[in-house]
Amino acid sequence: MPVRTRFAPSPTGYLHIGGARTALYCWLQARHDGGQFILRIEDTDRIRSTPEAVQAIIDGMAWLGLDCDEGPIFQTSRLARYEEVARGLLAAGKAYWAYETREEIEAMRAAAMARGAKPRYNGHYRELNAPLREDPNRVLRFKNPLGGTVAFDDAVKGRVEWQNEELDDLVLVRSDGYPTYNFAVVVDDVDMRITEVIRGDDHVNNTPRQINLYEALGAPLPRFAHLPMILGADGQKLSKRHGAVSVMQYREDGYLPEALLNYLVRLGWSHGDQEIFSRREMIDLFNISDVNRSAARFDVAKLNWLNQQYLKSTAPEVLAPEFSWHLRRAGINPAEGPAAEDVIVALRERVHTLRDLAERARVWYGPIAEWDDQAVTKYLRAEGADSILRRVQEALDALPHWTPAAIHEALARIAQELSVKPGQVAQPLRVAITGTAVSPAIEHTVFLAGRHEAAARIEAALDRIG
RNA sequence: GCUCCCAUCGUCUAGCGGUCCAGGACGUCGCCCUCUCAAGGCGAAAACACGAGUUCGAUUCUCGUUGGGAGCGCCA
């Protein structure tokens, strides 16, 4: 039987970090086993589902490169099928119509709570065989087994067991005719022959009811795997402030999908001491049964480190288009400065994200926006800085080839001839070119400015000294 | 309240009864390198929540305590 996994988000919001990791694990397991990965949109909540959210999920998956073999399949396109299965269950005496009002159910729950029991439906209509009739409160309920236990071996949590007494008769079909989540997932997972149900921890408690449904349907059980939560840096549930933002926000913040994926795969899973995994390695090495049982916190510092690792190891020409995208977002015209690849090479060891890289690149794409007064005082107005800069100006002007190597050589020669430390040449020049005391290696800083602009800036700096 | 789940350095984790006075990575700190900032190299501090068992021997197994989390919807 081929392995088939599915990622089944509800389109009530964007694809966030937790969902992305679930999707990744589902995708990895399918790819690892040479099976299929299915994207299913669980849109049976007609109030909260939105087309924008559907698009956001699809965009997020595409950006991460998690391609699916089937789908997206929308549950709302399968309504007739759920109805058919519901009828079958009803005919088999495994489901029944119930007509309590919401208030009545509320009262039942309150009463159960008062008794110190779980708040749940009391099964009033279970043996009444109430006929089908038009009623705004009519729902179809499942006849959950009354006794015994229901257990399963979770691929990550191990054996989990419940008493059937703990479970009540869940609603299968709502009063508006739409299936509920617990009903639709089971029907879909059975129809789509899903073999590994990989989902968030918050679904463990639904699993026993679903297993009972599988059994009522006479369907084989898939393997279940419940992933622990991803917590915020403060150990609290992820909120808007720390991570529960759309994965697309990570793109805007300058992260590479490979880095995010690599970070995510290590959150709850590991392979010895290895930290960096290519997609291929992830696929080869990953196995859902190796996933950790406990929740993990989201740590931006580590993501930053990983992102830089990828920035450093990815070919600049591969990074260039995305870098240019960030330049434009920062209001910088990529055409009005040096080649993207050169800027990337000069800066990538100094930043963690492409967004920072674009921001730091700004000096070479337009006039110096702001002078660092301290740097000007300390280096530009330093004793002898003006004469050194004039020497630099001449030497650069005389360079036959405008390359970092040639520039480096020229500057080194000046320092030697003047018997000054390299820094006494580099620092005033750095401030002249960038307006600050911080930039990549001086030969790159000068090179990126371009012959003409470098000369102009040195001249302007000289004027500034007075 | 009830049910279920979880528990190793600040964080992510290795460990699957002796190899552990607990290993790696991020972060932190120190040193080196150095034209700034980084990157890199070297080094340091830093953890088995607690209490009972089981065992010749527990970080590893069992139970309990404490602390976290999830669920208890005609939401998924």
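Chain identifiers are assigned alphabetically (A, B, ...) following the order of the sequence lines, protein sequences preceding nucleic acid strands; residue numbering begins at 1 within each chain.
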Exercise for the section: Starting from the C-alpha separation in whole Å, work towards a yes-or-no answer on ring-ring contact (aromatic ring centres under 6.0 Å, His included) for A:Tyr25 and A:Phe286. Expected result: CA-CA 8 Å; A:Tyr25 284 9; A:Phe286 182 83; 4.8 Å; yes
Protein-nucleic acid N or O pairs under 3.5 Å, nucleotides 61-71 of chain B:
| unit_1 | atom_1 | unit_2 | atom_2 | d |
| --- | --- | --- | --- | --- |
| B:G71 | O4' | A:Asn205 | ND2 | 3.3 |

Given [options], the nucleotide with the shortest approach to the side chain of [X]:
X: A:Tyr181; options: B:C35, B:A76, B:U11; result: B:A76
X: A:Ala296; options: B:A76, B:U13, B:C35; result: B:U13
X: A:Asp299; options: B:U36, B:A25, B:G10; result: B:G10
X: A:Asn137; options: B:C74, B:C5, B:C6; result: B:C74
X: A:Gln309; options: B:C74, B:G40, B:C4; result: B:G40
X: A:Arg266; options: B:U36, B:C12, B:A14; result: B:C12
X: A:Arg297; options: B:C12, B:C35, B:A76; result: B:C12
X: A:Pro119; options: B:C35, B:C5, B:C72; result: B:C72
X: A:Lys157; options: B:A76, B:C26, B:C5; result: B:C5

Determine which nucleotide pairs with [N], using a 3.5 Å limit on both distances of a Watson-Crick or G-U wobble pair.
N: B:U34; result: none
N: B:A39; result: none
N: B:C63; result: B:G51
N: B:A22; result: none
N: B:C2; result: B:G71

Could one point to a donor on the side chain of [X] or the base of [N] with an acceptor on the other under 3.5 Å away?
X: A:Glu443; N: B:C35; result: yes
X: A:Arg430; N: B:C35; result: yes
X: A:Glu275; N: B:G24; result: yes
X: A:Ser175; N: B:C74; result: yes

For [N] versus [M], give the span between their [atom1] atoms, rounded off to a whole number of Å.
N: B:A46; M: B:C21; atom1: P; value: 16 Å
N: B:C12; M: B:A7; atom1: C1'; value: 15 Å
N: B:U55; M: B:G18; atom1: C1'; value: 12 Å
N: B:A22; M: B:C42; atom1: C1'; value: 23 Å
N: B:U60; M: B:C48; atom1: P; value: 12 Å
N: B:A44; M: B:G24; atom1: P; value: 10 Å
N: B:C16; M: B:G64; atom1: C1'; value: 24 Å
N: B:C61; M: B:C6; atom1: P; value: 11 Å

In whole Å, I'd like the distance from the [atom1] atom of [X] to the [atom2] atom of [N].
X: A:Phe277; N: B:U13; atom1: CZ; atom2: P; value: 12 Å
X: A:Glu166; N: B:G1; atom1: CD; atom2: P; value: 15 Å
X: A:Leu227; N: B:C4; atom1: CG; atom2: P; value: 21 Å
X: A:Arg350; N: B:G40; atom1: CZ; atom2: C1'; value: 12 Å
X: A:Glu161; N: B:C5; atom1: CD; atom2: P; value: 9 Å
X: A:Arg6; N: B:A76; atom1: CZ; atom2: P; value: 14 Å
X: A:Trp305; N: B:A39; atom1: CH2; atom2: P; value: 12 Å
X: A:Ile276; N: B:A25; atom1: CD1; atom2: C1'; value: 9 Å

Practice task
Take A:Asn137 and A:Glu100 through the side-chain hydrogen bond (donor to acceptor under 3.5 Å, both in side chains) test and state the conclusion after the steps.
Solution key: CA-CA 6 Å; A:Asn137 293 312; A:Glu100 279 89 359; over 6 Å; no
Without swapping roles, check the side chain of [X] against the backbone of [Y] for a donor-acceptor pair under 3.5 Å.
X: A:Asp372; Y: A:Thr436; answer: no
X: A:Arg40; Y: A:Phe74; answer: no
X: A:Thr22; Y: A:Gly18; answer: yes
X: A:Asn307; Y: A:His352; answer: yes

Which part of the nucleic acid does [X] contact within heavy-atom distance under 4.0 Å: base, sugar-phosphate only, or nothing?
X: A:Leu267; answer: sugar-phosphate
X: A:Lys421; answer: nothing
X: A:Ser270; answer: sugar-phosphate
X: A:Gln308; answer: sugar-phosphate
X: A:Arg48; answer: base
X: A:Glu106; answer: nothing

Handout entry: A:Arg109 side-chain N/O to B:G73 phosphate OP1/OP2 under 4.0 Å
Key =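 Yes, within the criterion.
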Handout entry: Phosphate OP1/OP2 of B:U36: any A:Thr445 side-chain N/O under 4.0 Å
Key =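 Checking B:U36 against A:Thr445, no side-chain N or O comes under 4.0 Å of OP1 or OP2.
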Exercise for the section: Starting from the 5' end of RNA chain B, give me the residue, A:Arg141 or A:Arg115, whose nearest nucleotide shows up first. Expected result: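 By nearest-heavy-atom nucleotide position, the 5'-most residue is A:Arg115.
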Handout entry: A:Gly268 vs A:Asp45, nearer the 5' end of RNA chain B by closest nucleotide
Key =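 The 5'-side residue here is A:Gly268.
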Practice task
Could you give me the CA-CA distance, side-chain angles and deciding distance for A:Tyr99 and A:Tyr125, then say whether ring-ring contact (aromatic ring centres under 6.0 Å, His included) is met?
Solution key: CA-CA 8 Å; A:Tyr99 298 91; A:Tyr125 276 90; 5.6 Å; yes
I'd like to know if [X] and [Y] make a salt bridge, using a cut-off of under 4.0 Å between side-chain N and carboxylate O.
X: A:Asp201; Y: A:Lys157; result: yes
X: A:Arg159; Y: A:Asp154; result: no
X: A:Arg87; Y: A:Glu84; result: no

Practice task
Could you walk me through whether A:Tyr263 and A:Tyr255 pass ring-ring contact (aromatic ring centres under 6.0 Å, His included), step by step?
Solution key: CA-CA 11 Å; A:Tyr263 178 72; A:Tyr255 294 98; 9.4 Å; no
Handout entry: Residue of the set A:Ile211, A:Ile198, A:Val156 for which side chain to side chain contact (heavy atoms under 4.5 Å, CB included) holds with A:Phe224
Key =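 Exactly one pass, corresponding to A:Ile211.
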